Amino acid sequence: MADESYSFVVVSNRLPVDRVVDEAGNASWKQSPGGLVTALEPVMRAADGAWVGWAGQADLDLEPFDNAGIRIVPVPLSESDLELYYEGFSNDTLWPLYHDVIAQPSYHREWWERYVQVNRRFAEAVAGVSAPGATVWVQDYQLQLVPAMLREARPDLLIGFFNHIPFPAYGLYSQLPWRLQIIDGLLGADVVGFQRVADAGNFSRAVRRLRGYTTKSPVIEVPGVDDAPARRVIAKPFPISIDVAGFQELASRPEVQERARQIREDLGNPKTIMLGVDRLDYTKGITHRLKAFGELLADGSLSVEDVTLVQVATPSRERVESYRQLRDEIELAVGRINGDYGTISHQAISYLHHGFPREEMAALYLAADVMLVTALRDGMNLVAKEYVAARSDEDGVLILSEFAGASDELRAALLVNPHDIDGLKDTILRAIDMPRHERRKRMHSLRKKVAENDVSHWSDSFLATLRRARRTRAAWGGS
Ligand code: ADP
Ligand code: G6P
């Protein structure tokens, strides 16, 4: 029996904080990268519960602890777990497959076997800290087997699953040698949430094709087998968001606004600052963006005296080969563009390959006249929402890929197909030349949209759907 138990438990591969050790050997905690943590951290700070996950370093066996008002329950992962389960199956099989095979997924049985084992370990850790009848919310593609494993071990639990990344169309999903096991894993949940309507539809189609279960959106009828009773699973979209008020407050601080002015000045006060903020990931379309910008400089449509691109490319998954190659490719392109078009006083691209405090991110958003989100595929893209939330001056232009989940909501952005380089170039020019009244009108409408669905709305509606599932289960005679 665990020393502590909780009636609300969130589990994700990555905890909100990573343990880092400096050169002198001193350990400290820093916020982890990525949208999952950005979204869930404020939810968990407001909730009374525990967050189960990995602390970002191999072979760390830590006792549960509190961090910034959140109870943290670490799950240790060994060096070989990281290689096979995290870098291998999660980030070199599922990630490329679920992002429409932008990079080629690798299928290795050894990786799969470790994925199963590590998912079991996470499920056991959750079962160990969950009070009777607790609500457990499982997060993302790294843990898709956890719902069924938990249901088997602890049928008393109410289980939700949310997929932060896209769920691919059946034609692609069916490549996965373990497609049935993953579907069965997810169907262990009472509610399976997705970012977009299309993702929920792709999942339900996969269930029909692979299992032949009856689906009538949003309900999937899972028949009973042996001891397990027939159940209903809800599969539907819950578009994720950010802590809008928190981000707005951050961006309104005088020191952040001053820092934004300073950034503009440090960049030589160009007429236009364009900004990209992405984990260094092939799904983000950073090379497409650089290509478009490079061509605009080459054909004389833009000059470095007038326009600077700030590209923040956050280090990510650096031991996975495709990420290593991408970094080389990006840095080569940045070096070429700066070499070809930069002057002593003006650099074309200011390239930053490191993490920043949230205050600095907010200042960058405030300094940017044009925000470039050119993802080739993205579950949601919270950077787009952060940019909008920061701009209470109702200025700034958002260029947004139609392949990012955020484009379902943020229709007032300039929507682009990032594969169409000429189209992207035209859109960049349009953004730079957009008159103030149109910028204001679009930003006003974007801000309205973002304010309507902040992250507490997202978590409240997911958890309300879960509670309804509990009542339905009770009405059917379940626990
Ligand atoms: P993903 O989850 O794929 O990384 P999102 O756009 O949904 O993409 O979320 C990225 C999150 O990470 C945002 O909250 C963004 O502000 C944050 N972020 C990205 N780069 C950095 C960085 N260099 N320093 C600090 N935060 C960053
Ligand atoms: C995306 C994924 C998250 C992941 C994050 C950072 O947001 O949906 O599950 O945590 O990227 O990636 P990492 O591999 O560093 O955890």
Side-chain angles (χ1 to χ4, degrees), residues 13 34-36 85-108 111-112 115-116 119 138-148 161-189 191-213 215 217-218 220 233-240 279 281-285 288 316-317 320 322-323 326 374-381 401-408 417-419:
N13 174 65
L36 181 153
Y85 146 80
Y86 170 70
E87 287 153 0
F89 199 77
S90 298
N91 289 322
D92 209 9
T93 304
L94 294 173
W95 183 269
L97 178 67
Y98 282 32
H99 287 89
D100 286 358
V101 189
I102 296 166
Q104 191 55 42
S106 308
Y107 301 114
H108 295 298
W111 291 1
W112 162 252
Y115 183 81
V116 177
N119 269 245
V138 185
Q139 309 290 327
D140 230 357
Y141 62 101
Q142 303 93 340
L143 302 179
Q144 291 175 98
L145 304 177
V146 169
F161 179 91
F162 185 77
N163 200 47
H164 291 252
I165 68 172
F167 195 89
Y170 186 71
L172 292 174
Y173 181 73
S174 56
Q175 284 186 12
L176 187 66
W178 308 280
R179 57 197 187 184
L180 259 176
Q181 291 95 314
I182 296 273
I183 289 288
D184 289 347
L186 290 171
L187 287 173
V191 175
V192 186
F194 296 92
Q195 300 280 26
R196 305 178 92 160
V197 176
D199 300 319
N202 287 343
F203 174 68
S204 296
R205 245 185 314 282
V207 170
R208 280 199 301 278
R209 295 286 294 266
L210 291 166
R211 277 288 176 224
Y213 298 163
T215 70
S217 177
I220 298 175
V233 175
I234 304 292
K236 58 179 275 205
F238 299 89
I240 204 167
R279 267 182 317 97
D281 195 300
Y282 49 80
T283 58
K284 303 289 184 181
H288 295 62
S316 188
R317 306 173 192 165
V320 179
S322 44
Y323 286 75
L326 178 74
T374 57
L376 305 178
R377 187 47 92 197
D378 206 335
M380 175 54 64
N381 196 285
S401 164
E402 59 193 71
F403 302 114
S407 70
D408 280 0
N417 168 5
H419 297 282

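Note that the structure is predicted; figures quoted are calculated from it, not measured.
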Of all heavy-atom pairs linking L376 and P418, the shortest is CD2-CG, 3.8 Å
Just verifying a value: how many Å separate T283 OG1 and H99 NE2, rounded to the nearest 0.5 Å?
5.0 Å
Of W95, F162, Y98, which is the lone residue that meets ring pair (Phe, Tyr, Trp, His ring centres under 6.0 Å) with Y141?
W95
S322 side, atom OG; I102 side, atom CD1 - distance, nearest 0.5 Å:
11.0 Å
Is it true that a side-chain atom of S90 and a backbone atom of Y85 form a donor plus acceptor pair closer than 3.5 Å?
yes
Stepwise side-chain contact (heavy atoms from CB on, under 4.5 Å) check, F403 with D378
CA-CA 6 Å; F403 302 114; D378 206 335; over 6 Å; no
Plane angle bin for W111 and H108 - parallel if under 30°, tilted between 30 and 60°, otherwise perpendicular
perpendicular
So F89 and Y115, would you call those rings parallel, tilted or perpendicular, with 30° and 60° as cut-offs?
tilted
Tell me whether R208 at atom CZ has more than 12 heavy atoms from other residues, nucleotides or ligands lying less than 6.0 Å away.
yes
Which salt bridge (charged side-chain N to carboxylate O under 4.0 Å, His left out) pairs, counting each pair once, include a residue from residues 85-100, with sequence neighbours left out?
E87-R319, D100-R377
Checking side-chain contact (heavy atoms from CB on, under 4.5 Å) for the pair D140/I165: CA distance, chi angles, key distance, verdict?
CA-CA 7 Å; D140 230 357; I165 68 172; 4.0 Å; yes
Determine whether Y170 and R209 satisfy the following criterion, side chain to side chain donor-acceptor pair (under 3.5 Å), listing intermediate values before the conclusion.
CA-CA 8 Å; Y170 186 71; R209 295 286 294 266; 5.0 Å; no
Could you give the side-chain donor-acceptor pairs of residues 177-185 under 3.5 Å, partners two or more places apart or in another chain?
| residue | atom | partner | partner atom | Å |
| --- | --- | --- | --- | --- |
| R179 | NH1 | S174 | O | 2.8 |
| D184 | OD1 | R211 | NE | 2.9 |
| D184 | OD2 | R211 | NH2 | 2.6 |

Of all the heavy-atom pairs spanning Q144 and N119, show the shortest one and how long it is.
N-OD1, 3.4 Å
So which atom in L97 and which in P168 form the shortest heavy-atom distance, rounded to 0.1 Å?
O-CB, 3.8 Å
Show me the donor-acceptor pairs within less than 3.5 Å that the side chains of residues 195-203 make with the rest of the protein, sequence neighbours left out.
| residue | atom | partner | partner atom | Å |
| --- | --- | --- | --- | --- |
| Q195 | OE1 | I240 | N | 3.1 |
| Q195 | NE2 | H164 | O | 3.0 |
| R196 | NE | D408 | OD2 | 3.3 |
| R196 | NH2 | S407 | OG | 3.3 |
| R196 | NH2 | D408 | OD1 | 2.9 |
| D199 | OD1 | F167 | N | 3.1 |
| D199 | OD2 | R196 | N | 3.1 |
| N202 | OD1 | R205 | NH2 | 3.0 |
| N202 | ND2 | F167 | O | 2.8 |
| N202 | ND2 | A198 | O | 3.4 |

S106 side-chain N/O to T93 backbone N/O, donor-acceptor pair under 3.5 Å
no
Closest non-hydrogen contact found for L94 with L176 is CD2-CD2, 4.3 Å
Where A103 and P96 come nearest, the two heavy atoms and their spacing
O-CB, 3.3 Å
Return the minimal non-hydrogen interatomic distance between F161 and P147, and the atom names on each side.
CD1-CG, 3.8 Å
